[in-house]
Amino acid sequence: ACDPASVDLNSIFIMKVSESFADPGIDRDEWDSFAARQDAEIYQSYEWSRLWWEFYGRDRALRVVTFHRGDRLVALLPFFIETVGFGPFRVRIAKQVSSDFTMGTLRPLIEPGFIEPIHKELVRFFLETEGCDGLRWGPIAGKETIQRLIAAAETGEHSLDTTCHRIPHGVESVLNLGQSFGQIFT
């Protein structure tokens with residue numbers, strides 16, 4: 001993990017977008033290793049994401065977005081684009097893979113200190129380049145993560161007129177299941 005105080009937020013990122021789990025631009029071991037370093041939920045592992053997409057990806061467009069700073073992976077964001085509604089009431093929404101049809105919560109796979117600039121680039125990519133009407137992050141795990149995403153949306157320097165809403169979803173529980181996924185099953 002990096003020290004957020006030492007991050008140059010004006011540094012240049014290399015953003016890559018893949019439209020398939022066959023070639024997500026990152027190998028599965030690197031995916032899972034990065035997810036583990038970000039304290040991700042199991043719902044964000046490579047295999048879970050790939051299987052979720054296999055069963056729920058119909059009529060949706062996959063976008064696995066990675067951000068590198070030099071050779072270092074700093075964000076891994078599997079999203080999909082879904083069109084809902086009909087006729088003039090259609091909207092295109094970008095959502096995190098595994099964010100619907102599940103009871104789980106997600107933690108954006110972004111190294112600490114990079115949430116704000118990466119949020120800015122994602123908004124630009126999905127709203128301007130992909131023509132989406134909205135970007136949905138949730139359900140999100142972690143109060144600090146939620147606060148940083150809201151701050152990024154409210155103070156963003158992007159040219160788009162955007163708003164951010166936090167929608168409370170009821171009771172939240174924390175279960176201490178050990179230090180790693182492996183300990184749960186031993």
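The model shown is predicted, which means the values in this text are computed figures rather than measured ones. Values below: all heavy atoms of this structure, side chains included; hydrogens, waters and symmetry mates excluded. Count residues from 1 along the sequence.
Criterion: ILVMFWY side-chain heavy atoms under 4.5 Å apart, direct or through other members. Under it, Val91 and Phe89 are not part of a common hydrophobic cluster. Connection of Trp53 to Ile42 is established within a shared hydrophobic cluster, with ILVMFWY side chains joined at heavy-atom distances below 4.5 Å, either directly or through further cluster members.
The shortest heavy-atom contact between Ala40 and Leu109 is CB-CD2, 3.4 Å.
Two residues are said to be in side-chain contact when any heavy atoms from C-beta on lie closer than 4.5 Å; Thr66 and Leu73 meet this criterion. Met15 is listed as a side-chain neighbour of Val65, based on a closest heavy-atom distance under 4.5 Å. Between Val17 and Val64 there is no side-chain heavy-atom pair separated by less than 4.5 Å. Counting heavy atoms from C-beta on, the side chains of Ile93 and Val84 come closer than 4.5 Å. The side-chain heavy atoms of Phe13 and Val74, taken from C-beta on, include a pair separated by under 4.5 Å. Ile115 places none of its side-chain heavy atoms less than 4.5 Å from the side chain of Pro108.
Residue Arg63 holds its CZ atom at 11.0 Å from OG of Ser20, rounded to the nearest 0.5 Å. To the nearest 0.5 angstrom, His119 atom NE2 is 6.0 Å from Leu135 atom CG. With rounding to the nearest 0.5 angstrom, the OG atom of Ser18 is 6.5 Å from the CG atom of Leu62. Taking CD of Gln44 as the start and CG of Asp39 as the end, the distance is 10.0 Å to the nearest 0.5 Å. For the atom pair Leu122 CG and Leu127 CG, the distance stands at 10.5 Å (nearest 0.5 Å).
For Arg92, the salt bridge (Lys or Arg N to Asp or Glu O under 4.0 Å) criterion is met by Glu130, not counting sequence neighbours. For Ala36, there are no side-chain contact (heavy atoms from CB on, under 4.5 Å) partners at least two apart in sequence or on another chain.
When atom types are taken as modelled, the side chain of Ser99 and the backbone of Lys95 share no donor-acceptor pair closer than 3.5 angstrom. Looking at Ser98, its side chain never comes within 3.5 Å of a backbone N or O of Ser49 through a donor-acceptor pair.
Note on Glu116 versus Lys120: no salt bridge recorded, every NZ/NE/NH1/NH2 to OD/OE distance being 4.0 Å or above. One finds no salt bridge joining Glu111 and Arg37 here, because no Lys/Arg side-chain nitrogen approaches an Asp/Glu carboxylate oxygen to under 4.0 Å.
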Exercise. Taking it one step at a time, do Phe114 and Arg69 satisfy side chain to side chain contact (heavy atoms under 4.5 Å, CB included)?
Worked result: CA-CA 10 Å; Phe114 291 101; Arg69 186 168 176 231; 3.8 Å; yes
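Checked against a 6.0 Å centroid threshold, the rings of Tyr56 and Phe80 do not count as neighbours. In this structure, the ring of Phe79 has its center less than 6.0 angstrom from the ring center of Phe126. The six-membered or imidazole ring of Phe21 lies near that of Trp31, with a centre-to-centre distance under 6.0 Å.
Sorted by first and then second residue, the salt bridge (Lys or Arg N to Asp or Glu O under 4.0 Å) pairs involving residues 24-34 (not counting sequence neighbours) are Arg28-Glu47.
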